[in-house]
Amino acid sequence: MTVHFPFQNSYSALPDTFFARVAPTPVAAPRLIKLNRPLAVQLGLDPDLLETPEGAEILAGKTVPAGADPIAMAYAGHQFGQFVPQLGDGRAILLGEVIDKDGVRRDIQLKGSGPTPFSRRGDGRAALGPVLREYVVSEAMHALGIPTTRSLAAVVTGEHVIRETALPGAVLTRVASSHIRVGTFQYFAVRRDTDAIRRLADHVIARHYPELVGAERPYHALLGSVVARQADLVARWLLIGFIHGVMNTDNTSISGETIDYGPCAFMDSYDPAQVFSSIDEMGRYAYANQPRIALWNLTRLAECLLPLFGEEQEKAIEQAQEILGAFPDIFSKAYQAGLRQKVGLFTERDGDEALIQDLLDAMAKNAADFTLTFRKLGDAAGDEAAGEHVRAQFMDPTAFDEWAKRWRERIAAEPQSAAERQAAIHAVNPAFIPRNHRVEAVIRAAVDNDDYAPFEELVKVLAKPYEEQPAYAAYQDPPLPDQRVLRTFCGT
Ligand code: AMP
Ligand code: MG
């Protein structure tokens, strides 16, 4: 039996300016590290066959499966504010698309599978550490309920990649509802190829926003829909303490999924100015700056779509501005609603926003752990004595006492029982997030000792982030001072 991929490719049927046809480069000795079996099933693939040596060869890019039409996609992008007219998949190859069990078209892409015409000076390869990081964090995001690309598999190649030192090489199989980015539109906009922009926009509407097919002004509506999805996505990031780290326009998905897990990380103690990326010296992509940057990226998309908005340039700009103008409101509605849920409010009242902001301010001042403060607040809602566990998150616990008094008065005005409120708070505040020191430890064990047991365990715990899992309670803990990871490298 050979592995069958039920490919139904659509992107490779677009004009050949959209991509370069290129096969993955064979590697020495592929070995499967991890297969995401439930995801394989969801994609209509046989997980048992993928776990055979032949499966590993496919997932490492050594064998191209029947029906694949391997391409590297063309795109441009603003990186840290600087425009680069040609980026493209420099180390990723799209094998093709399948229709999953829910009828959703999904890309299957190998990342780290060798050079492409877009590699510029890169080697087209990925190191094991960043591959494991993307696997852990993307799957954790999925389990947390946040739109994201997925990880189908990780393989080691049996070859070394040269970074600062020689590191084991690896390939990640990434699954996305598509890999079309803001930067894909920019690629054609900078070439003044309006036909291509229209083709791309039509493809995107059919694929991601089918409700807009036949709309009176489909391209205006497309911009509006992408704005709405990005606003919602960034609100979710903030609510869960996620810092993307490289919100370049080439890392901004048109479908509204989180994509490109480089120097991303979850916050431990709450600090709105927190930055993780070692190359983000200006704090451009700091935690609290993410909504502003998302809007900046969407403005770049709007510029690309202007030629589709009509003849009159000035009018088109006005229309684009109006559509972009909806972002702050969509974002804050989603963010504020999420915050109210985080503190267990079932209703909306004047003063809620200020109440919650006061908690966040106290958390920032007292280096309170973002995840545990909210999680333990659930316990405190269930049983007043458990307020002690929330207090313990604050350097000065009395900072919580004052706030807790106001909060208890506020929740007393709602009819829900203590148990109901506790369940509601726990349903939106995870016990387990991919804490950076845990991710680093998993990578160290794998890279230094070829030991994947910590990786397996972390992936398992993070698959149920909202459950208590007492046997793994230690995974809830923030890092000790000497375990703290201050910077993550743009892990390429
Ligand atoms: P990223 O920072 O991962 O979003 O990548 C930015 C750009 O650099 C994309 O065009 C990537 O394909 C390209 N790139 C990153 N790493 C490599 C590599 N090792 N070889 C070739 N291209 C790369
Ligand atoms: Mg990228």
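Sequential numbering from 1 along the given sequence is applied to the chain's residues. Atoms within each ligand, like the ligands themselves, are counted from 1 in listed order. Nothing here was measured: the structure is a model prediction, and the numbers come from that model. Basis for what follows: all heavy atoms, side chains included, without hydrogens, waters or symmetry-related copies.
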Colleague: Below 2.8 Å, any N, O or S contact between Asn248 and the Mg ion (ligand 2)?
Modeller: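 Not a single backbone or side-chain N, O or S atom of Asn248 is under 2.8 Å from the Mg ion (ligand 2).
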Colleague: Please say whether Leu87 places an N or O atom under 3.5 Å from an N or O atom belonging to ligand 1.
Modeller: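 By distance alone, the answer is no.
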Colleague: Which atoms of ligand 1 sit under 4.0 Å from any heavy atom of Arg163?
Modeller: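 This gives 19 (N) as the contact atoms.
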Colleague: Does the residue Ser119 have a heavy-atom contact with ligand 1, meaning some pair of atoms that are separated by less than 4.0 Å?
Modeller: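 Heavy atoms of Ser119 do come under 4.0 Å of ligand 1.
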Colleague: Does the distance from a Lys or Arg side-chain N to an Asp or Glu carboxylate O, for Glu457 and Lys460, drop under 4.0 Å?
Modeller: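 No.
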Colleague: In this structure, does ligand 1 have an atom that sits under 4.0 Å from one of the heavy atoms of Asp89?
Modeller: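 Distance cut 4.0 Å: Asp89 passes for ligand 1.
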Colleague: Are any of the N/O atoms in Phe118 less than 3.5 Å from those in ligand 1?
Modeller: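 No.
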Colleague: I'd like to check which ligand 1 atoms, numbered from 1 as shown, lie under 4.0 Å from a non-hydrogen atom of Asp260.
Modeller: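 Counting from 1, the qualifying ligand atoms are 3 (O), 4 (O).
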Colleague: Looking at Arg199 and Asp195, is there a salt bridge between them, counting it only when a charged N and a carboxylate O are closer than 4.0 Å?
Modeller: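 Result for this pair is no, no salt bridge flagged.
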Colleague: Mark yes when over 12 heavy atoms from residues, nucleotides or ligands other than Asp448 sit less than 6.0 Å from its CG; otherwise mark no.
Modeller: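 Check passes, neighbour count above 12.
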Colleague: If you count the atoms of ligand 1 from 1 in the order shown, which ones are under 4.0 Å from a heavy atom of Gly124?
Modeller: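 Reading through ligand 1 atom by atom, the close ones are 18 (C), 19 (N), 20 (N), 21 (C).
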Colleague: Can Arg300 be said to sit on top of Trp296's aromatic six-ring, NZ or CZ under 6.0 Å from centre and within 45° of the ring axis?
Modeller: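 Satisfied, under 6.0 Å and within 45°.
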Colleague: Any ion pair linking Arg229 and Glu257 (charged N to carboxylate O, less than 4.0 Å)?
Modeller: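 Salt bridge flag = no for Arg229 with Glu257.
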Colleague: Between Arg106 and Glu97, does any NZ, NE, NH1 or NH2 come within less than 4.0 Å of an OD or OE carboxylate oxygen?
Modeller: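 A salt bridge is absent here (no side-chain N lies under 4.0 Å from a carboxylate O).
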Colleague: Does an N or O from Arg120, backbone or side chain, lie closer than 3.5 Å to an N or O of ligand 1?
Modeller: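 Looking only at distances, the answer is yes, because the N/O contact criterion of under 3.5 Å is met.
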Colleague: Looking only at heavy atoms, is any part of Lys111 under 4.0 Å from ligand 1, and if so is it the side chain, the backbone, or both, or is it neither?
Modeller: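 Lys111 to ligand 1: no contact under 4.0 Å from either part.
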Colleague: Taking distance alone, with N or O pairs closer than 3.5 Å, would you say Asn251 contacts ligand 1?
Modeller: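 Yes, at least one N or O pair falls under 3.5 Å.
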Colleague: N/O/S of Asp260 less than 2.8 Å from the Mg ion (ligand 2)?
Modeller: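 An N, O or S atom of Asp260 is closer than 2.8 Å to the Mg ion (ligand 2), so yes.
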Colleague: Closer than 4.0 Å to some heavy atom of Gln79 - which atoms of ligand 1 meet that?
Modeller: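 With Gln79 as reference, the close atoms of ligand 1 come out as 6 (C).
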Colleague: Would you call Arg163-Asp123 a salt bridge at under 4.0 Å N-O?
Modeller: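 Yes, this pair counts.
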Colleague: Name the residue from Arg438, Arg435, Arg484 that meets the salt bridge (charged side-chain N to carboxylate O under 4.0 Å, His left out) definition with Asp268.
Modeller: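 Option passing the salt bridge (charged side-chain N to carboxylate O under 4.0 Å, His left out) with Asp268: Arg435.
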Colleague: When you measure from the side chain of Gln290 to the backbone of Phe242, do you find a donor-acceptor pair of N or O atoms at a distance under 3.5 Å?
Modeller: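 Yes, the answer is positive, given that a donor and an acceptor are paired below the 3.5 Å cut-off.
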Colleague: Provide the number and element of each atom of ligand 1 under 4.0 Å from a heavy atom of Arg125.
Modeller: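 In order of numbering, the contacting atoms are 19 (N).
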